[in-house]
2 protein chains.
Amino acid sequence: MSADATDARSIDARSMYTRLMNIGEAAQASGISAKMIRHYEQIGLMPKVARTFSGYRLYNQNDLHLLCFIRHARDLGFSTVQIGKLLELWHNQQRPSSEVKAMVSEHVRTLKQKIAELEAMQAELQRLVDGCHGDQRPDCPILDRLAN
Amino acid sequence: MSADATDARSIDARSMYTRLMNIGEAAQASGISAKMIRHYEQIGLMPKVARTFSGYRLYNQNDLHLLCFIRHARDLGFSTVQIGKLLELWHNQQRPSSEVKAMVSEHVRTLKQKIAELEAMQAELQRLVDGCHGDQRPDCPILDRLAN
DNA sequence: CTGGAGCTTACCATCATGGCAAGGTCAAGC
DNA sequence: GCTTGACCTTGCCATGATGGTAAGCTCCAG
């Protein structure tokens, strides 16, 4: 372990420069609910953080950084399993960037697939909506289509 | 109840023209798994169908028609709750088509929203992928972005 | 009559997230 | 110092659509 203060990994609960937070503040700062932070810890996505004598979780800047990473990945649609792999790659200084690229490309493919499916639904539904007069009469091409 | 043979609703287990099926055949014919057919029955989306003396479910053409309606709606992305409403409208001969149109339009809006979200993710990820050399070196703009 | 396919119910799992309840802790104000 | 309210802890249950599995019953063909 390097003691170089510019290395983010050297910041931990022992650092005098680290402001410690309870889970509520960490939740606010990271944009992840306290509930989910505990959940991520439980499934092993987050390491177990420090605790006060009375059992309150304590988050330092390093932990917060990790939480933010998770949130960014989550916001980009990665599953927790995928986020776990991304974190592994992030922490592994020897990773080849090709590995990251491959993983993310695969996710992009999945997204494109899902988008295509939703667009197909949307197009068909829009077509049906456009073909429905939408007045007081019961006659309805939308229901007709669903029924046949 | 009308006895008019051209009225689909008059076809039931008592009709001599209705071929009865077990759940497996109904599943094949409708494209919905037997498991899900039972589930739809349990949550009240399907009425309870007839049973043999020994308890096997029996599906007639009317039931099959209903199952197909459900499958079409499901394939267009409607939730079971929404499908329940669609079925109500379908069965209600007095419905105004405007009501159907409104429901479906709302669903289209939801789909568009979801598509937009996924597209935003996809675009950002694609941008990151394009900016990553993807070779043996550990340097990786994708992870950098997630970390900051 | 037997074997295998098909049916029954009931329970558990997924995935990400929220809610609730019962109880402990902490800090601020009186 | 004591009270109060905000915050924390764990644990359990729920969502929604779907799949799996297990134990046991039924049906049909050979």
Please tabulate, one pair per line, all N/O donor-acceptor pairs under 3.5 Å involving side-chain atoms of residues 140-148 of chain A, not counting sequence neighbours.
unit_1, atom_1, unit_2, atom_2, d
A:Arg145, NE, A:Glu124, OE2, 2.8
A:Arg145, NH2, A:Glu124, OE2, 3.2
A:Asn148, ND2, A:Asp144, O, 3.0

> Going 5' to 3' along nucleotides 9-19 of chain D, which nucleotides have protein heavy atoms under 4.0 Å from the base (write B), which only from the sugar-phosphate (write S), and which from neither (write -)?
Replying inline: BBBB----SBB
> Between B:Glu41 and B:Arg51, is there a salt bridge with N-O shorter than 4.0 Å?
Replying inline: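 B:Glu41 and B:Arg51: salt-bridged.
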> When you check the gap from the basic side-chain N to the acidic O, do A:Asp139 and A:Arg137 get nearer than 4.0 Å?
Replying inline: no
>> Counting only heavy atoms not in A:Glu117 (residues, nucleotides, ligands), do more than 12 fall under 6.0 Å from its CD?
In response: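 Correct, the count exceeds 12.
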>> With heavy-atom distances below 4.5 Å as the criterion, would you say the side chains of B:Val104 and A:Leu128 are in contact?
In response: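 Heavy-atom side-chain distance check fails, nothing below 4.5 Å.
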In whole Å, what is the span from the [atom1] atom of [X] to the [atom2] atom of [N]?
X	N	atom1	atom2	answer
A:Arg71	C:dA16	CZ	C1'	16 Å
A:Gln42	C:dT17	CD	C1'	14 Å
A:Glu25	C:dT25	CD	P	21 Å
B:Asn22	D:dC28	CG	C1'	12 Å
B:Leu58	D:dC27	CG	P	10 Å
A:Met21	D:dC8	CE	P	12 Å

>> Is the ring pair B:Phe69/B:Trp90 parallel, tilted or perpendicular, if the boundaries are 30 and 60 degrees?
In response: parallel
>> Between B:Gly24 and A:Phe53, which residue's closest nucleotide on DNA chain C lies nearer the 5′ terminus?
In response: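 That would be B:Gly24.
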